[in-house]
Amino acid sequence: MIKEALRKQRIETPSWAYGNSGTRFKVFAQPGVPRDPYEKIADAAQVHRFTGVAPTVALHIPWDKVDSYADLARHAAELGVGIGAINSNVFQDDDYKLGSVTHPDPAVRAKALAHLLECVDIMDETGSDTLKLWFSDGTNYPGQDDIRARQDRLAEALSSVYERLGDGQRFLLEYKLFEPAFYVTDVPDWGTAYAHCVRLGPKAQVVVDTGHHAPGTNIEFIVAFLLREGKLGGFDFNSRFYADDDLMVGAADPFQLFRIMFEVIGGGGYTERTAFMLDQCHNIEPKIPGQIRSVMNVQEATAKALLVDRDALAAAQRAGDVLGANAVLMDAYNTDVRPLLAELREEMGLAPDPMAAYAKSGYFAKIAADRVGGNQAGWGA
């Protein structure tokens with residue numbers, strides 16, 4: 001039963017993880033980096049080829065702008081993958097210095113809304129069913145703008161997007177504690193995102209980015225609550241040591257990832273309607289292996305969560321056996337699930353070690369030789 005559950009797992013990789021990225025101080029270029037969305041999807045297909053559980057690629061618009069999104073979707077299908085969530089971008093234009101959909105100027109708000117609706121058009125063209133919304137909107141100083149008025153503007157924009165969604169489509173509203181706004185962020189936490197989504201209806205859900213919380217935040221409580229309310233739409237998986245580090249998921253706190261997956265499984269969230277997406281930037285490590293390792297980290301945390309003896313746990317909880325209940329969880333977490341996953345991959349016709357198999361494939365040497373000239377993809381492209 002555990003193997004069957006793992007076999008059905010789906011983890012979405014982000015197109016931007018395959019481009020160049022860095023910090024505020026430096027972006028480090030690497031050989032073989034894609035130069036356009038078609039090459040990004042080709043790299044994402046390699047992650048699916050060696051893991052077997054990464055069949056979709058999230059796009060970021062306009063970073064992944066092409067003449068024909070239908071053609072891009074056909075290209076993905078030919079490579080054995082599909083187009084996943086469409087991510088909007090209303091944070092890079094100069095017009096958005098004071099916000100996008102919450103900007104005081106109605107002309108700027110109209111521009112931002114037009115882009116969000118364009119993203120729904122792209123969903124229609126690619127067959128995507130998910131729009132992901134993140135707003136950098138906020139203020140840096142007390143008195144800079146009216147906090148309540150900005151919430152009204154946000155609600156108005158979200159309502160317009162919601163009305164445009166077709167049957168079977170949804171949007172996921174992301175939140176972030178701070179950055180780039182430092183005094184007030186217009187969607188700073190899960191409660192704000194949840195409140196807007198509840199008002200709108202079932203096509204609006206919350207996405208949990210694991211790097212977007214204050215230190216010490218109990219993310220698994222947020223997950224459990226949103227699942228209970230039917231409002232957990234998915235995850236942006238990454239790791240953080242200090243802030244929104246966008247490091248590989250499970251790198252900083254693999255136990256936290258296990259606890260999150262434990263709540264997902266227990267709360268009925270381990271389904272196709274929960275989007276398990278990666279949102280990472282590989283600044284110094286190679287891109288494709290970074291994504292493969294991240295997928296494997298999610299698989300391992302999921303396998304351990306599936307191993308928890310729920311009956312024994314419930315019995316200990318009913319008995320008030322604090323240490324016994326904790327031991328049930330820790331027994332599962334301390335189990336080495338790598339042999340199980342290696343066996344599962346072989347049963348799926350895959351190499352037992354995806355990292356080693358990719359290294360032996362020669363794909364990196366090929367793209368490093370082929371992708372010479374042109375502009376490498378990166379932030380903003």
Visitor: List in chain and number order the residues that pass salt bridge (Lys or Arg N to Asp or Glu O under 4.0 Å) with Asp279, two or more places apart in sequence or in another chain; answer none if no residue qualifies.
Guide: none

Visitor: So, applying side chain to side chain contact (heavy atoms under 4.5 Å, CB included) with Thr126, which one of Ile83, Leu72, Asp71 is it?
Guide: Ile83

Visitor: Is the shortest side-chain heavy-atom distance between Leu247 and Asn238 below 4.5 Å?
Guide: no

Visitor: If we count only N and O atoms by modelled type, under 3.5 Å, do the side chains of Arg49 and Gln46 hold a donor and an acceptor together?
Guide: yes

Visitor: Can you find a heavy atom in the side chain of Tyr194 that is under 4.5 Å from one in the side chain of Tyr175?
Guide: no

Visitor: Step through the shown structure and confirm whether more than 12 heavy atoms of other residues, nucleotides or ligands are within 6.0 Å of CG on Asp336.
Guide: yes

Visitor: For a quick check under 3.5 Å, do Tyr162 and His196 share a side-chain donor-acceptor pair by atom type?
Guide: no

Visitor: Among side-chain atoms of Trp63 and Gln92, is any donor-acceptor pair under 3.5 angstrom?
Guide: yes

Visitor: Cut-off 3.5 Å, side chains only: do His115 and Asn89 have a donor facing an acceptor?
Guide: no

Visitor: With sequence neighbours left out, write down each residue that passes side-chain contact (heavy atoms from CB on, under 4.5 Å) with Glu343, or none if nothing qualifies.
Guide: Lys3, Glu347

Visitor: Listing request: all salt bridge (Lys or Arg N to Asp or Glu O under 4.0 Å) pairs with a residue in residues 248-273, at least two apart in sequence or in separate chains.
Guide: Asp129-Arg273, Glu220-Arg259

Visitor: Could you list the residues that satisfy side-chain contact (heavy atoms from CB on, under 4.5 Å) with Ile367, not counting sequence neighbours?
Guide: Asp43, Ile288, Tyr363, Phe364, Arg371

Visitor: Tell me, please, which residues at least two apart from Leu307 pass side-chain contact (heavy atoms from CB on, under 4.5 Å).
Guide: Ile2, Ala332, Thr335, Val337

Visitor: Could you verify whether a donor N or O on one side chain and an acceptor N or O on the other, from Thr130 and Arg170, lie under 3.5 Å apart?
Guide: yes

Visitor: Do Gln376 and Asn20 pair up side chain to side chain, a donor and an acceptor below 3.5 Å, judged on atom types alone?
Guide: yes

Visitor: For residues 180-192, pull every pair meeting salt bridge (Lys or Arg N to Asp or Glu O under 4.0 Å), keeping only residues two or more places apart or in separate chains.
Guide: Arg150-Asp186

Visitor: Would you give the length of the straight line joining atom CG of Leu350 to atom NE2 of His48, rounded to the nearest 0.5 angstrom?
Guide: 8.5 Å

Visitor: With respect to Ser160, which candidate in Leu116, Val101, Leu113 satisfies the side chain to side chain contact (heavy atoms under 4.5 Å, CB included) definition?
Guide: Leu113

Visitor: For the CD1 atom of Ile222 and the CG atom of Leu227, what is their distance to the nearest 0.5 Å?
Guide: 12.0 Å

Visitor: Would you check if the distance from the ring center of Tyr333 to the ring center of Phe258 is below 6.0 Å?
Guide: yes

Visitor: What about the rings of Phe135 and Phe91, do their centers lie closer together than 6.0 Å?
Guide: no

Visitor: Measuring only between side-chain heavy atoms, which start at C-beta, is Ser239 closer than 4.5 Å to Asp245?
Guide: no

